[in-house]
2 protein chains.
Amino acid sequence: MTKERITVVEIAHAAGVSKSTVSLVLQGSSLVNEVTRAKVSAVIRELGYVYNRGAANLRQSNSKSKIIGIVVNDLTNSFFAELAVGVDDVVQSAGYVQFLSNTGESVDRQREVIASMREHGISGLIVSPARGTEPADLKPLVASGIPVVVVVRNIQGAKVSSLMSDNHAGASAAVEHLVALGHRRIAFLGGFPDTAVFAERLVGYQTALKSADIAFDASLVISSAPSRAGGVDAIDRAVRLGDRPTAALCFNDAVAFGVCDGLRANRLEPGADFGVIGFDDVIEAKTAVPALTTVSVDPQGMGRRAAQLLLKQINSGNADPEALVGSVRLVVRESSGPARRDVEKRTA
Amino acid sequence: MTKERITVVEIAHAAGVSKSTVSLVLQGSSLVNEVTRAKVSAVIRELGYVYNRGAANLRQSNSKSKIIGIVVNDLTNSFFAELAVGVDDVVQSAGYVQFLSNTGESVDRQREVIASMREHGISGLIVSPARGTEPADLKPLVASGIPVVVVVRNIQGAKVSSLMSDNHAGASAAVEHLVALGHRRIAFLGGFPDTAVFAERLVGYQTALKSADIAFDASLVISSAPSRAGGVDAIDRAVRLGDRPTAALCFNDAVAFGVCDGLRANRLEPGADFGVIGFDDVIEAKTAVPALTTVSVDPQGMGRRAAQLLLKQINSGNADPEALVGSVRLVVRESSGPARRDVEKRTA
DNA sequence: CTGTTAGCGCTTTCAC
DNA sequence: GTGAAAGCGCTAACAG
């Protein structure tokens, strides 16, 4: 069964030309006669020849492997699956193929997969780093001149390109919306405080409060796991507060769902009795929960953008770090139907 | 910036040995002296050498590329994202790295990515084929002796291994459950009838009806897009039936959600007024919708199983087709809390 | 325009 | 145990 791989010399022989001619045909060079090209192409097809990129790649001193790597911290999260789809989209169109690995938030696993990808000669890497990733983890890659684009989560001090969503603007817009609705005691619920994303969103929240002349109250910042269960937990603690909040900005949509669950358990109707806004829109987009206002980012779009940036750097040979910010939208859903107010804040 | 890739000869030189010795060290051969090995390892580390799998792979006549490909029809669907995670899990542990591509149900795109993967020398492929995939699309791969495992959706007539969930048993179990609840008019809602999965589930449905001495009524089989919107559509048509059903088995969970939506729009409470069971459990598992009974399959588990099968075939060099069936569980959720009844049907 | 000739970085007999 | 030499499939100068 294991058929021998057929090579250029065989097709050269069969076509009655030399292997370099075949090689030229393969690369679509214009240096080859039309009739020769046709003949060679025919033989290639009829013999079922498959190009060996490994060999080609080996010969071309510079590693033009046509492989890009993408590693995400949690592919189980639809957000990252969508991101990967976006990346795959542009990567495929550019004739590349992607290594995709999931780290599950393990920096060890991340180190391994990156090392492995490096051995395979990826020409670029897109990474949503596992929590706790250090600049050193990416150091060897950048040192060898391989472009790296960090997405979603920044790595402080790493000299690589990045693409983050506009957490600050999104959080501000959400809080402004709640303020416009008449809320004054607005909580910030969920998320792990030791992450850059959390910090950015929190600052956006604080900025908006200040603009509205509302004093920041640290007791209204209640962190928890960024999950549905975490949301339940956070809102439970929030409603037990002496001066309880009347609305909340949630770290992400999972938390927002949990907050809704918890509100209902407390006989409060989300939206009507208590304002709720969640970040991210993946789960929301999938399950179309009505009447929940969200700060939404387009993960596929982010993926495409990241891939474009990476390809640009690969092709230009210029891997100077570039920091991009992805726009976010505040999507307000009234019970009467989806109304959208767009908040675009873009850098780049 | 683009640092020159350092090679075995350089580390051989630096360590004062020959390159073959270095090669042996790299492969952990026992033919090399302990002290030599240590010295070489040290040099390798200190010079930041990275192994070039492309070159190694080129030399070893048989393509042991340590790359497996996985192509799915819709990574946007959590089911397949989970599947990919399962695959990645075992693939990573085995020291492989995976090419992941999304076809978005396009057979053309699928053909392209498979061709591309082949050029890169994958040593095996796991594929959840796009709708309309023909055996011929996989032919060249199998002809060259590359093991292929088809998952989720079978390809009639393709001589490749497969891993499908037990659609027949799952559908039967669901119907039996509804019958036990006293239902006699049970609909089969959603899904495209031109797929093998649909056919298998329908047969399971029919089998269970027959066992319960219920006559099959073709008007109760209402197909639609396998989406939430499709579910709304299907249930709308179902309730307009003269002799309307009192329960339904839904093609998948998305349809089930839509059916729930549609029921509520018709002032019917799912579960209480109308029995609903959906296939698959991905969305359900994520959003924990209460009181919806599901026929659940474990996508990560399927991914792991598929990867194990593939690796087995790669390592044994024996790619004889093998057909595996993945077990499914009927998960009954009472409003009082999650109660589980397991339906295990396994082949292998 | 096409053929010849060297390698890319690695593994692998086969001598030493 | 370790080194020398050949060659995997391909591309890149050069000649012709």
Side-chain angles (χ1 to χ4, degrees), chain A residues 2-41 43-44 47-67 118-123 144, chain B residues 2-41 43-44 47-67 118-123 144:
Chain A
T2 312
K3 198 164 51 178
E4 296 306 323
R5 193 159 192 153
I6 92 136
T7 79
V8 279
V9 318
E10 319 195 38
I11 85 107
H13 189 87
V17 297
S18 89
K19 55 184 203 152
S20 19
T21 306
V22 177
S23 181
L24 289 180
V25 172
L26 254 22
Q27 308 171 66
S29 165
S30 54
L31 301 176
V32 60
N33 190 339
E34 197 45 61
V35 46
T36 325
R37 170 207 276 350
K39 173 161 203 171
V40 171
S41 303
V43 175
I44 283 178
L47 260 52
Y49 166 78
V50 327
Y51 186 69
N52 184 336
R53 275 178 197 279
N57 182 40
L58 178 59
R59 185 56 178 84
Q60 311 173 126
S61 43
N62 54 352
S63 277
K64 305 223 60 51
S65 67
K66 292 291 198 176
I67 301 175
R118 209 147 89 91
E119 294 186 351
H120 281 286
I122 53 171
S123 36
S144 53
Chain B
T2 312
K3 199 164 52 177
E4 297 304 324
R5 195 161 191 151
I6 92 136
T7 78
V8 280
V9 318
E10 318 195 39
I11 87 105
H13 189 87
V17 296
S18 89
K19 55 182 203 151
S20 18
T21 306
V22 176
S23 180
L24 290 179
V25 171
L26 254 22
Q27 311 172 66
S29 164
S30 54
L31 300 177
V32 61
N33 191 339
E34 197 45 61
V35 45
T36 324
R37 166 202 276 6
K39 173 160 204 172
V40 171
S41 304
V43 175
I44 283 179
L47 261 52
Y49 166 78
V50 329
Y51 185 69
N52 185 334
R53 275 179 198 280
N57 183 41
L58 179 58
R59 184 57 176 83
Q60 318 175 118
S61 42
N62 53 351
S63 276
K64 303 224 61 49
S65 66
K66 291 292 195 176
I67 300 174
R118 208 148 88 93
E119 293 186 351
H120 281 286
I122 53 170
S123 36
S144 53

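Convention: sequence-line order gives letters A, B, ...; per-chain numbering from 1.
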Listed by chain and number, what are the side-chain hydrogen bond (donor to acceptor under 3.5 Å, both in side chains) partners of [X], not counting sequence neighbours?
X	answer
B/Glu10	none
A/Ser41	none
A/Ser20	A/Ser18
B/Ser23	B/Gln27

If I take atom [atom1] in residue [X] and atom [atom2] in nucleotide [N], what distance separates them, rounded to the nearest angstrom?
X	N	atom1	atom2	value
B/Ile44	C/dG9	CD1	P	16 Å
B/Glu10	C/dC10	CD	P	9 Å
A/Leu58	D/dG9	CG	P	12 Å
B/Lys66	C/dT11	NZ	P	13 Å
A/Asn57	C/dG9	CG	C1'	11 Å
A/Gln60	C/dG7	CD	P	18 Å
A/Tyr51	D/dC8	OH	P	18 Å
A/Ile11	D/dT11	CD1	P	11 Å

inquiry  = Taking salt bridge (charged side-chain N to carboxylate O under 4.0 Å, His left out) as the definition, give me every residue that meets it alongside A/Arg53, ordered by chain and number, with sequence neighbours left out.
reply    =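 A/Arg53: salt bridge (charged side-chain N to carboxylate O under 4.0 Å, His left out) contacts with B/Glu119.
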
Please round to the nearest 0.5 Å and tell me the distance separating atom [atom1] of [X] and atom [atom2] of [Y].
X	Y	atom1	atom2	result
A/Asn52	B/Asn57	CG	CG	7.5 Å
B/Tyr51	A/His120	OH	NE2	9.5 Å
A/Lys64	A/Ser123	NZ	OG	6.0 Å

request  = Could you encode protein contacts along nucleotides 1-6 of chain D as a string, one character per nucleotide from 5' to 3', using B for base contact, S for sugar-phosphate-only contact and - for no contact, with a heavy-atom cut-off of under 4.0 Å?
outcome  = SBBB-B

key: DNA chain D stem ranges, 3 or more consecutive Watson-Crick or G-U pairs under 3.5 angstrom   =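 Expected stems, ordered by start: C:1-4 with D:13-16, C:6-16 with D:1-11.
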
inquiry  = Does C/dT12 have OP1 or OP2 under 4.0 Å away from a side-chain N or O of B/Gln27?
reply    =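 Yes, because at least one side-chain N or O of B/Gln27 sits under 4.0 Å from OP1 or OP2 of C/dT12.
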
Show me the donor-acceptor pairs, under 3.5 Å and distance only, between side chains in residues 29-39 of chain B and residues at least two apart or in other chains.
residue	atom	partner	partner atom	Å
B/Ser29	OG	B/Leu31	N	3.0
B/Asn33	OD1	B/Val35	N	3.3
B/Arg37	NH2	B/Ser29	O	2.8

